Amino acid sequence: MPAQKIETGHNDTVHDVSMDYYRKRMATASSDNTIKIVGVGDNSASQHLASLSGHSGPVWQVAWAHPKFGSILASCSYDGKVIIWKEGNQNEWTQAHVFSDHKSSVNSISWAPHELGLCLACASSDGNISVHNARSDGGWDTKKIDQAHPVGVTSVSWAPSMSPGAIVGSGVLEPVQKLASGGCDNTVKVWKLYNGIWKMDCFPALQMHSNWVRDVAWAPNLGLPKSTMASASEDGTVVIWTMAKEGNQWDGKVLKDFQNPVWRVSWSLTGNLLAVAAGDNNVTLWKEAIDGEWQEVSTVDQ
């Protein structure tokens with residue numbers, strides 16, 4: 001499919017782009033404090049559908065909920081707020097809920113796998129992670145991971161809900177509730193929900209970066225025994241973290257030193273391709289070879 005240039009309509013830096021489940025609409029987040037919704041066809045021109053205003057600072061990230069919960073979008077901002085937007089009539093969006101739990105910038109948001117219900121994790125510069133669960137009565141329950149990274153949390157990503165090894169095991173398994181987070185303390189941490197309380201699930205914290213971790217992404221595992229994460233850092237490196245089987249230690253391997261800050265990492269739906277966005281204005285795609293080494297398979301032209 002040829003590259004498509006899309007005019008977002010923003011008048012300042014665009015920080016995030018998120019495609020909806022059906023790849024028909026795109027939400028963008030910008031320093032102009034707004035979110036734009038753009039329709040993207042297979043071969044037709046893009047179409048401006050809506051502009052959402054509610055934040056009083058740069059919007060860092062946007063994330064679509066699974067469509068089984070309706071047409072719902074979450075956004076987070078430098079203003080410390082997280083807004084849940086709901087679409088009523090087509091292209092008519094309202095603020096369904098505003099979370100103001102954090103004392104400073106909310107840098108990253110991530111919807112849980114849909115099997116866990118409508119549940120959003122939020123990472124903030126105040127050092128805390130908040131996890132919001134929608135109730136059937138329309139309200140929300142909130143749990144906190146206090147001082148997850150005391151100097152600031154930059155990123156958060158959910159583990160797949162299917163337990164590692166579920167395909168090769170037997171019996172009905174409870175879905176897993178785990179999170180990975182990255183922070184300004186240069187570490188990646190893993191958290192697990194035990195009896196309703198979030199606790200750290202890796203000791204010590206995962207430390208291979210020498211500067212802020214800017215993004216962390218947990219790979220889909222399709223029920224295979226191995227768990228995989230990627231972390232991107234201001235130090236110019238991407239680290240691939242693997243855990244051979246549940247309960248083992250995480251093992252880290254540097255994918256590459258990009259010689260520039262690395263801002264974002266994102267997995268394909270099958271978890272076998274990793275996209276890396278670095279400060280050299282390139283997006284590269286990586287794949288694990290049979291021998292376990294990672295190879296660059298292409299560069300996305302900018």
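Fair warning: this is a prediction, and the values are worked out from it, not measured in the lab.
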A.B. asks: Is the shortest heavy-atom distance from the side chain of Ser31 to the side chain of His15 under 4.5 Å?
C.D. replies: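 With C-beta onward as the side chain, the pair touches.
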
A.B. asks: Ignoring hydrogens and angles, tell me if any N or O in the side chain of Asn89 forms a donor-acceptor pair with the backbone of Glu92 under 3.5 Å.
C.D. replies: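 Checking the backbone N and O of Glu92 against the side chain of Asn89, no donor-acceptor pair under 3.5 Å is found.
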
A.B. asks: Taking side chain as C-beta onward, heavy atoms only, is Gln249 less than 4.5 Å from Met243?
C.D. replies: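 Contact flag for Gln249/Met243 side chains = no.
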
A.B. asks: According to a hydrophobic-cluster definition based on side-chain heavy atoms being under 4.5 Å apart (Ile, Leu, Val, Met, Phe, Trp, Tyr only), do Val265 and Val239 belong together?
C.D. replies: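 Looking at the clustering, Val239 is in a separate group from Val265.
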
A.B. asks: Under the side chain to side chain donor-acceptor pair (under 3.5 Å) rule, what do His55 and Asn33 come out as? Steps first, then yes or no, please.
C.D. replies: CA-CA 6 Å; His55 287 292; Asn33 303 0; over 6 Å; no

A.B. asks: If you compare all heavy atoms of Gly182 against all heavy atoms of Val216, which two are closest, and at what distance to 0.1 Å?
C.D. replies: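 In this case the closest contact between Gly182 and Val216 is N-CG1, 3.8 Å.
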
A.B. asks: Would you find more than 12 non-hydrogen atoms of other residues, nucleotides or ligands less than 6.0 Å from Trp250 atom CH2?
C.D. replies: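 More than 12 heavy atoms, drawn from other residues, nucleotides or ligands, come within 6.0 Å of this atom.
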
A.B. asks: Under a 3.5 Å cutoff, is there a donor and acceptor pairing between the side chains of Asp126 and Ser124?
C.D. replies: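 Per modelled atom types, Asp126 and Ser124 side chains form a pair under 3.5 Å.
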
A.B. asks: Would you check, one step at a time, whether the test side chain to side chain contact (heavy atoms under 4.5 Å, CB included) holds for Asp280 with Gln259?
C.D. replies: CA-CA 8 Å; Asp280 59 1; Gln259 311 284 320; over 6 Å; no

A.B. asks: Taking side chain as C-beta onward, heavy atoms only, is Ser233 less than 4.5 Å from Trp212?
C.D. replies: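 With C-beta onward as the side chain, the pair stays apart.
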
A.B. asks: Mark yes or no for whether Asp215, through its side chain, and Ala232, through its backbone, hold a donor-acceptor pair below 3.5 Å.
C.D. replies: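 Such a contact is absent between Asp215 side chain and Ala232 backbone.
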
A.B. asks: Assess the residue pair Val276 and Leu255 against the criterion (side chain to side chain contact (heavy atoms under 4.5 Å, CB included)); give the C-alpha distance rounded to whole Å, side-chain angles, the decisive distance to 0.1 Å, and a yes or no.
C.D. replies: CA-CA 10 Å; Val276 177; Leu255 176 78; 4.1 Å; yes

A.B. asks: Assess, by modelled atom type and distance only, whether the side chains of Ser130 and His132 contain a donor and an acceptor separated by less than 3.5 Å.
C.D. replies: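 Checked: Ser130/His132 side chains pair up, N/O donor to acceptor below 3.5 Å.
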
A.B. asks: Please test Lys226 against Glu288 for salt bridge (charged side-chain N to carboxylate O under 4.0 Å, His left out), starting from the C-alpha separation and ending with a verdict.
C.D. replies: CA-CA 13 Å; Lys226 189 169 82 165; Glu288 189 178 14; 3.5 Å; yes

A.B. asks: By the definition side-chain contact (heavy atoms from CB on, under 4.5 Å), identify the one residue from Asp101, Ile109, Val98 that meets it with Val82.
C.D. replies: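 Only match with Val82 under side-chain contact (heavy atoms from CB on, under 4.5 Å): Ile109.
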
A.B. asks: Side chain to side chain contact (heavy atoms under 4.5 Å, CB included) for Leu118 and Ile72? Distances and angles first, verdict last.
C.D. replies: CA-CA 10 Å; Leu118 188 62; Ile72 292 175; 4.0 Å; yes

A.B. asks: Within a strict 4.5 Å, meaning less than it, do heavy atoms of the Thr187 and His209 side chains meet?
C.D. replies: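 Counting from C-beta outward, Thr187 and His209 never come under 4.5 Å.
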
A.B. asks: Quick one: does NZ or CZ of Lys256 land under 6.0 Å from the six-membered ring centre of Phe258, within 45 degrees of the ring axis?
C.D. replies: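 Yes.
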
A.B. asks: Between Trp85 and Thr94, do the side chains contain an N or O donor and an N or O acceptor separated by less than 3.5 Å?
C.D. replies: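 Note: Trp85 and Thr94 side chains miss the donor-acceptor criterion.
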
A.B. asks: State which residues pass side-chain contact (heavy atoms from CB on, under 4.5 Å) with Pro220; sequence neighbours excluded, sorted by chain then number.
C.D. replies: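 In terms of side-chain contact (heavy atoms from CB on, under 4.5 Å), with neighbours along the sequence ignored, Pro220 is linked to Trp267.
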
A.B. asks: Distance check, rounded to the nearest 0.5 Å: His10 atom NE2 versus Thr34 atom OG1?
C.D. replies: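 His10 NE2 to Thr34 OG1: 4.5 Å, rounded to 0.5 Å.
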
A.B. asks: Does atom CG of Asn195 have more than 12 heavy-atom neighbours from other groups under 6.0 Å away?
C.D. replies: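 Counting other residues, nucleotides and ligands, CG of Asn195 stays at 12 neighbours or fewer.
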
A.B. asks: Between His66 (side chain only) and Lys68 (backbone N and O only), is there a donor and an acceptor less than 3.5 Å apart?
C.D. replies: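 Pair found, side chain donor or acceptor close to backbone of Lys68.
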
A.B. asks: Examine Met200 and Ile145 and state if one hydrophobic cluster contains both, with Ile, Leu, Val, Met, Phe, Trp and Tyr joined whenever side-chain heavy atoms are less than 4.5 Å apart.
C.D. replies: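 Hydrophobic grouping puts Met200 with Ile145.
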
A.B. asks: Which is it for Glu234 and Arg214 under the side chain to side chain contact (heavy atoms under 4.5 Å, CB included) test, yes or no, and what are the steps along the way?
C.D. replies: CA-CA 6 Å; Glu234 198 110 3; Arg214 279 294 182 178; 2.7 Å; yes

A.B. asks: Does Tyr78 OH have over 12 foreign heavy atoms under 6.0 Å away?
C.D. replies: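 No, the 6.0 Å shell around OH holds no more than 12 heavy atoms from other groups.
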
A.B. asks: Going by atom types alone, do Trp286 and Thr284 pair a side-chain donor with an acceptor below 3.5 Å?
C.D. replies: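 A pair is found: one side chain offers a donor N or O, the other an acceptor, under 3.5 Å apart.
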
A.B. asks: Near Lys86 NZ, under 6.0 Å, is it more than 12 heavy atoms from other residues, nucleotides or ligands?
C.D. replies: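 No - once you tally the heavy atoms of other residues, nucleotides and ligands closer than 6.0 Å, there are 12 at most.
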
A.B. asks: Would you say the side chain of Thr13 lies within less than 4.5 Å of the side chain of Asp32, judging by non-hydrogen atoms?
C.D. replies: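 Asp32 does not reach Thr13 side chain to side chain.
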
A.B. asks: For residues Leu193 and Trp218: do they belong to one hydrophobic cluster (side chain heavy atoms under 4.5 Å, members Ile, Leu, Val, Met, Phe, Trp, Tyr)?
C.D. replies: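 Leu193 and Trp218: separate clusters.
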
A.B. asks: Looking just at side-chain N and O atoms, do Gln147 and Asn128 make a donor-acceptor pair shorter than 3.5 Å?
C.D. replies: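 Yes, Asn128 and Gln147 have a side-chain donor paired with an acceptor closer than 3.5 Å.
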
A.B. asks: If the condition is side-chain contact (heavy atoms from CB on, under 4.5 Å), which residues does Glu115 pass it with, not counting sequence neighbours?
C.D. replies: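 Pro113, Ser161.
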
A.B. asks: Check whether Ser56 reaches the backbone of Asp79 with its side chain - one donor and one acceptor, N or O, closer than 3.5 Å.
C.D. replies: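 No: the side chain of Ser56 does not pair with the backbone of Asp79.
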
A.B. asks: Side-chain contact test, heavy atoms from C-beta onward, threshold under 4.5 Å: evaluate it for Phe99 versus Trp140 and give yes or no.
C.D. replies: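 They are in side-chain contact.
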
A.B. asks: Take a 6.0 Å sphere around CZ of Phe69 and say whether it holds more than 12 heavy atoms from other residues, nucleotides or ligands.
C.D. replies: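 Atom CZ in Phe69 is crowded, with more than 12 foreign heavy atoms closer than 6.0 Å.
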
A.B. asks: Could you tell me whether the side chains of His149 and Ser181 share a donor-acceptor contact shorter than 3.5 Å?
C.D. replies: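 His149 vs Ser181: donor-acceptor pair found between side chains.
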
A.B. asks: Under 3.5 Å, is there a donor-acceptor pair between the Ser51 and Lys36 side chains?
C.D. replies: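 Present: a donor and an acceptor within the cut-off.
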
A.B. asks: Check whether any side-chain N or O of Ser268 sits under 3.5 Å from a backbone N or O of Leu273 as a donor-acceptor pair, and report yes or no.
C.D. replies: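 Checking the backbone N and O of Leu273 against the side chain of Ser268, a donor-acceptor pair under 3.5 Å is found.
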
A.B. asks: Same cluster or not: are Val156 and Val131 linked, directly or through other Ile, Leu, Val, Met, Phe, Trp or Tyr residues, by side-chain heavy atoms under 4.5 angstrom apart?
C.D. replies: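 Yes, one cluster joins them.
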
A.B. asks: Would you kindly say whether Ser71 and Arg25 are connected by a side-chain donor-acceptor distance under 3.5 Å?
C.D. replies: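 Per modelled atom types, Ser71 and Arg25 side chains form a pair under 3.5 Å.
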
A.B. asks: If you count heavy atoms of other groups shown closer than 6.0 angstrom to NZ of Lys245, is the number above 12?
C.D. replies: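 Count not over threshold, so no.
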
A.B. asks: Report yes if some heavy atom in the side chain of Gln95 is under 4.5 Å from a heavy atom in the side chain of Leu52; otherwise report no.
C.D. replies: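 No, their side chains stay 4.5 Å or more apart.
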
A.B. asks: Any side-chain heavy atom of Val262 sitting closer than 4.5 Å to one from Asn260?
C.D. replies: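 The answer is no, as the side chains (C-beta and beyond) never meet within the 4.5 Å cut-off.
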
A.B. asks: Trp241 and Ser231: side-chain donor and acceptor closer than 3.5 Å?
C.D. replies: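 Yes.
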
A.B. asks: Determine yes or no for a side-chain-to-main-chain donor-acceptor pair under 3.5 angstrom, with Asp16 supplying the side chain and Val62 the backbone.
C.D. replies: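 Present.
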
A.B. asks: Please determine whether residues Met208 and Met229 belong to a single hydrophobic cluster, defined as Ile, Leu, Val, Met, Phe, Trp and Tyr linked transitively by side-chain heavy-atom distances below 4.5 Å.
C.D. replies: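 Shared cluster, yes.
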
A.B. asks: Looking at every non-hydrogen atom in both residues, tell me the closest pair between Val153 and Asn107 and how far apart they are.
C.D. replies: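 Smallest heavy-atom distance, with atoms named: O-ND2, 2.8 Å.
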
A.B. asks: How close do Val40 and Met19 get, heavy atom to heavy atom, and via which atoms?
C.D. replies: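 Closest approach of Val40 to Met19, heavy atoms only: CG2-CE, 3.6 Å.
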
A.B. asks: Identify the heavy atoms of Trp158 and Ala121 that sit nearest to each other, and give their distance.
C.D. replies: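 Here Trp158 and Ala121 meet closest at NE1-CB, 3.5 Å.
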
A.B. asks: What pair of heavy atoms forms the shortest contact from Asp235 to Asn211, and how long is it?
C.D. replies: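 So the minimum-distance heavy-atom pair works out to N-CB, 3.6 Å.
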
A.B. asks: Search all heavy atoms of Thr299 against all heavy atoms of Glu296 and return the closest pair with its distance.
C.D. replies: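 Shortest heavy-atom contact: OG1-OE2, 3.0 Å.
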
A.B. asks: State which residue, out of Ile37, Ile83, Ile84, fulfils the side-chain contact (heavy atoms from CB on, under 4.5 Å) condition with Leu73.
C.D. replies: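 Checked Ile37, Ile83, Ile84 against Leu73; only one passes side-chain contact (heavy atoms from CB on, under 4.5 Å): Ile37.
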
A.B. asks: Going by side-chain hydrogen bond (donor to acceptor under 3.5 Å, both in side chains), name the residues that satisfy it together with Lys178, two or more places apart in sequence or in a different chain.
C.D. replies: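 Per chain and number, Lys178 pairs via side-chain hydrogen bond (donor to acceptor under 3.5 Å, both in side chains) with Asp201, Glu246.
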
A.B. asks: Flag yes if more than 12 heavy atoms outside Lys144 fall under 6.0 Å of its NZ atom; otherwise flag no.
C.D. replies: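 More than 12 heavy atoms, drawn from other residues, nucleotides or ligands, come within 6.0 Å of this atom.
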
